[in-house]
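Here, residue 1 is the first one in the sequence, and each next residue gets the next number.
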Amino acid sequence: MKRLLCLYLFVLLLLPISSLNCSRIIDRASRYNPPAAKRIAFSQTLHGTVLDDPYHWMIDKDRNKEDALDYVKAENAYAERVTADLDDDIEYLFREMKAQIKETDTSIPVRVGSYYYYVRTVEGEQYSIYCRRPNSMLGKEEIILDVNEMAKDHDFFEIGLMEYSPNQRYLAYSVDTTGFESYTMYIKDLQTGEMLQDVIPYVNSCAWSTDNRTLFYICDLEEDRESPSVLYRHRLGDNPDQDPVLYREEDCSFSLWVSLSRNRKWLMFGAASNDVTEYRYLPADQPEAEFTLIKPREESVEYYVEPVDSLLYIMTNKDSDCFGIYTASFDKPDQWTAYYEPCGDATVNSFDVFKDYMVIQEQRNALEHMKVFDFRTGGVREVDFPQEVYSFWAHWNPEFENHRYRLTYTSMTAPSTIYEYDLEQDSLVFLKRYDVPDGYHPEEYVTRRVFTTVEDSVKIPITLLYRKENENRESPLYLYAYGSYGDTSEAYFDPNFLSLVNRGFTYAIAHVRGGSEWGEWWHDQGRLMTKRNTFSDYIACAEYLIDEGYTNSDKLVAEGASAGGMLMGVVSIWRPDLFKLVIADVPAVDELDILLDPTIPGALYHYNEWGDPNDPEQFAYMYSWDPYYNLKEQDYPHILVKAGIEDNRVPYWEPARWVAKLRSMKTDDNVLVFKTEMSGHSGASGRYDYLREIAYNYAFLLDLLNIEIQQK
C-alpha cells in the first residue's frame with residue numbers, strides 16, 4: 001500500500017500543473033447533455049444559392065414564439081448547471097471590482113445659466129441622482145431626478161435624453177424600463193417639482209424652442225423600425241395626439257434627430273444613414289416657422305453643422321475620404337468654403353464651436369489629437385497629451401461664450417481625468433480624477449502600442465496593457481476588437497480590467513479595419529466588399545501576439561460584442577486553433593437572414609455597412625463570411641455566448657440560432673455555454689448588476705484557464 005502511494009505521488013509530480021487543477025466548468029459540462037434544438041426543414045434560393053436553414057423556425061420578430069423561448073430557457077438552465085461551482089468566485093470578483101470604484105461620488109458641476117448641475121452616486125445605490133444648485137455650489141441642493149427611487153419597481157431602468165428648457169424651469173427626459181430602447185418622454189416642472197401631463201411614447205430626441213413652451217421631438221411610431229422616423233412639434237399642455245407632423249422620413253435606412261444650438265439661436269434638425277447626412281435649421285424663437293434645408297442629401301457625403309453668429313461651421317467629407325471644416329452663410333447655406341483641411345491621412349472626427357474659438361478632434365496616425373482655433377487672432381494650437389497611447393473626449397460644454405473647454409482624458413493606465421483647457425492661458429487645468437480607491441498604482445503598469453503588418457502591407461495597431469513584471473513573458477491574453485460602423489476602439493482606463501491584469505493577463509485591443517482609427521478610409525477598408533479585412537486583421541493580430549511571445553493559443557481569450565460578436569463568430573470558424581476561449585456578447589451572427597427581411601428592425605440601415613443581399617455580387621461576398629451559413633463540422637474553441645431577451649439591435653434569436661446550429665456541427669468536447677439575460681443590448685442598467693455580469697464572464701474565463709480567482 002505504501003509503495004502504491006509513493007508511485008501515485010511520483011506520477012502526480014510528473015503531471016503538468018494544469019492537469020492538477022482541472023477546470024470546474026469543463027468537469028461539469030462533461031456530466032450534462034446540452035440542449036438540442038429541433039430541426040425543421042426549410043430552404044430558400046437566392047441568386048442560385050440554396051440556403052438550407054433547419055432553425056429558421058426560431059426567428060421570433062415579436063418575441064413571443066413559445067418554442068423559441070423554451071429553447072432559450074433550456075440553454076439558460078444548462079448554463080446554470082455548468083457554471084454552478086462559480087457562484088463564490090463570481091461574488092468574489094464582484095466585490096473586488098466594486099472595491100475599485102468610488103461608490104459615493106459627485107461629478108464636477110457644470111454651470112448652465114444661473115444653475116450648477118452635477119450628478120451624485122451613493123454607496124449601495126444602483127443608479128445616479130441628478131442635482132443642481134442655484135447661483136453657486138453653496139446654494140441649496142435641488143434633486144432633479146433620483147433614479148434609484150424611480151427604478152424601485154423595475155428590473156431594468158434607464159434614463160435616455162435629458163433636455164432643460166432655456167429658462168431652466170422644465171426638464172424633458174425619457175425612460176426605458178425594458179432594455180428594448182423604447183423611450184417614453186416625460187416633462188417635469190423643476191420650479192414646483194410637479195410632473196406635467198404631457199407624456200409621449202417612442203421619443204428618441206427632443207429640443208426646446210426659446211419660448212420655453214414648445215418642444216420639437218422625434219418619434220418612432222412604427223415599432224418594427226429601429227430608426228426614428230417622424231418630427232413633431234408639441235406645445236406644453238396640448239394633447240400629444242394632436243401634435244402636428246413637421247417631417248416624416250420615408251427611408252428606413254435614415255434616422256432623425258433635433259437639437260438646440262449651443263448659442264441657443266437655432267434649432268437644428270438632421271437626418272442620417274451610415275454614410276449620408278442632411279441638415280435643416282430654424283430660428284429658435286420662431287417655432288411656428290419652417291425649417292430651411294442646408295444641402296440636400298448626396299450619396300456618400302456626410303456633413304455636420306454648428307451655427308455661430310452669421311456663419312455655419314460644417315464638418316464634411318464632400319471633397320475627400322477625410323473630413324475637414326467648411327463655412328457657409330445663412331443666406332447661401334449650400335455654398336461651402338474650405339476653412340481647415342487636414343494633411344495626409346488625418347481626418348476630423350468631431351468639432352465644437354463657441355463664440356471665440358473652435359475645438360476639433362483630429363484622428364492622425366491612429367491617435368486622437370486636439371486642435372484649438374482662436375477666431376479672434378486666427379491662431380491654431382495643438383494640445384499635447386503626456387502618454388504614448390491615450391483617448392480624450394469632450395465633456396458637457398453648454399455655455400457658448402465660455403473660454404474654457406472641458407474634456408476627459410484617459411489611457412489604459414490613467415484613470416479618467418477631467419481637465420479644462422484655458423483658451424486665455426493656453427493650458428490644461430486639472431479638475432478631477434476618478435481614482436481607484438483600492439490601492440491602484442499606475443507606475444506598476446505598462447501601456448504601449450505595437451503594429452502588425454498584414455498581407456496587403458497595411459499596419460494594424462494593437463494597444464497593450466500589462467503589469468511591468470509580466471513584460472517579456474508569455475502570459476494569458478485577452479484580445480478585444482470591434483471593427484465596424486467607423487467606431488474607434490478607444491484606449492481608455494477601466495478598473496474592471498485590473499481583475500485580469502493583476503492575475504497576470506495582458507489586455508489587448510486590436511484596432512482592426514472597419515473602425516476609424518486611421519480615418520474614414522480605415523472604415524471603408526472594413527465594410528461592404530472589404531469586410532473580410534476585419535476578420536483577417538484580427539487573426540493577424542492574434543498570430544502576431546503569439547509569434548512575439550506575448551501569449552500562446554492555450555492562453556488566448558478572444559472577445560467582442562454586437563458587431564464585434566460577429567467578428568467572434570467568423571474567427572471561431574476560420575481559425576479555431578488560435579483561441580482557448582471565444583466570448584461573443586450579443587453577437588450579430590445571423591446578418592444575412594436579417595438583411596433579407598426588410599421588416600426586421602434596422603435591416604435596411606445596415607445595407608451600407610454589410611451589403612445589400614439583393615445584389616448578386618454583394619450577396620455572394622456576404623455569403624462567403626456569414627457566421628451562420630459558414631458553420632461547418634470541425635473542432636471549435638471553448639465558447640461563451642451572451643444575449644439579451646429585450647435586445648432591439650441584435651434580437652435574441654440571432655445568437656440562439658447560431659448556437660443551435662453550432663451545437664449540431666461541432667466535433668469537439670469543448671464547452672459551449674449560451675446565457676440570455678433579461679435585459680437589452682447593453683446589459684443590466686444598474687451599476688452593481690452590470691458588474692455582476694462582468695464578474696460572470698471573468699470567472700468563466702479564469703476557471704477555463706485554470707487561474708486562481710480567490711487570492712489567499
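Within the cation-pi definition used here (under 6.0 Å to the ring centroid, within 45° of the axis), R63 does not qualify as a partner of F180. F269 does not carry R280 over the face of its six-membered ring by the limits of under 6.0 Å from the centre and within 45° of the normal.
In terms of modelled atom types and a separation under 3.5 Å, the side chain of S679 and the main chain of G644 share no donor-acceptor contact. In this structure a side-chain-to-backbone donor-acceptor pair under 3.5 Å is missing from R433 to P415. Distance alone, capped at 3.5 Å, places no donor-acceptor pair between the T410 side chain and the Y492 backbone. For W653 (side chain) and M58 (main-chain N/O), no donor-acceptor pair under 3.5 Å exists by modelled atom type. The closest donor-acceptor contact from the side chain of E278 to the backbone of R297 lies under 3.5 Å.
No side-chain N or O of T121 forms a donor-acceptor pair with one of S128 less than 3.5 Å apart. Side chain to side chain, D176 and T178 meet the donor-acceptor criterion of an N or O pair below 3.5 Å. With no hydrogens or angles considered, a side-chain donor-acceptor pair links S484 and K531 at under 3.5 Å. E158 and Y183 share a donor-acceptor pair across their side chains, judged by distance under 3.5 Å alone.
The two residues P166 and L260 have their closest heavy-atom pair at CG-CD2, 4.2 Å. Across all non-hydrogen atoms, the minimal contact from P398 to R262 is O-CG, 3.5 Å. Considering all non-hydrogen atoms of both residues, M137 and P109 come closest at SD-CB, 3.6 Å. Between A68 and Y652, the closest heavy-atom pair is CB-OH, 3.5 Å. Scanning all heavy atoms of the two residues, the minimum distance from R264 to T210 falls at O-CG2, 3.3 Å.
The pair K140-E142 does not count as a salt bridge, with every side-chain nitrogen at least 4.0 angstrom from each carboxylate oxygen. A salt bridge links E91 and R692; the closest N-O separation between the charged side-chain nitrogens and carboxylate oxygens is under 4.0 Å. A salt bridge does not link K642 to E693: none of the charged nitrogens lies less than 4.0 Å from a carboxylate oxygen. Classification of E103 and R687 as a salt-bridged pair fails, no side-chain N sitting under 4.0 Å from a carboxylate O.
By the side-chain contact (heavy atoms from CB on, under 4.5 Å) test, D211 is found to be paired with S209, R213, T214, R235, P287, residues two or more places apart in sequence or in another chain being considered. When the salt bridge (charged side-chain N to carboxylate O under 4.0 Å, His left out) test is applied to D243, no partner is found at least two apart in sequence or on another chain. By the side chain to side chain donor-acceptor pair (under 3.5 Å) test, Y117 is found to be paired with R132, Q168, residues two or more places apart in sequence or in another chain being considered.
In this structure, Y217 and Y232 have parallel ring planes: the angle between them is below the 30° cut-off, well short of the 60° mark.
Proximity of the aromatic rings of Y173 and Y186 is defined here by a centroid distance below 6.0 angstrom, and this criterion is met. Here the two rings, on W610 and Y605, have centers that are 6.0 Å apart or farther.
The ring-ring contact (aromatic ring centres under 6.0 Å, His included) test with Y281 is passed by exactly one of F216, F291, W266: W266.
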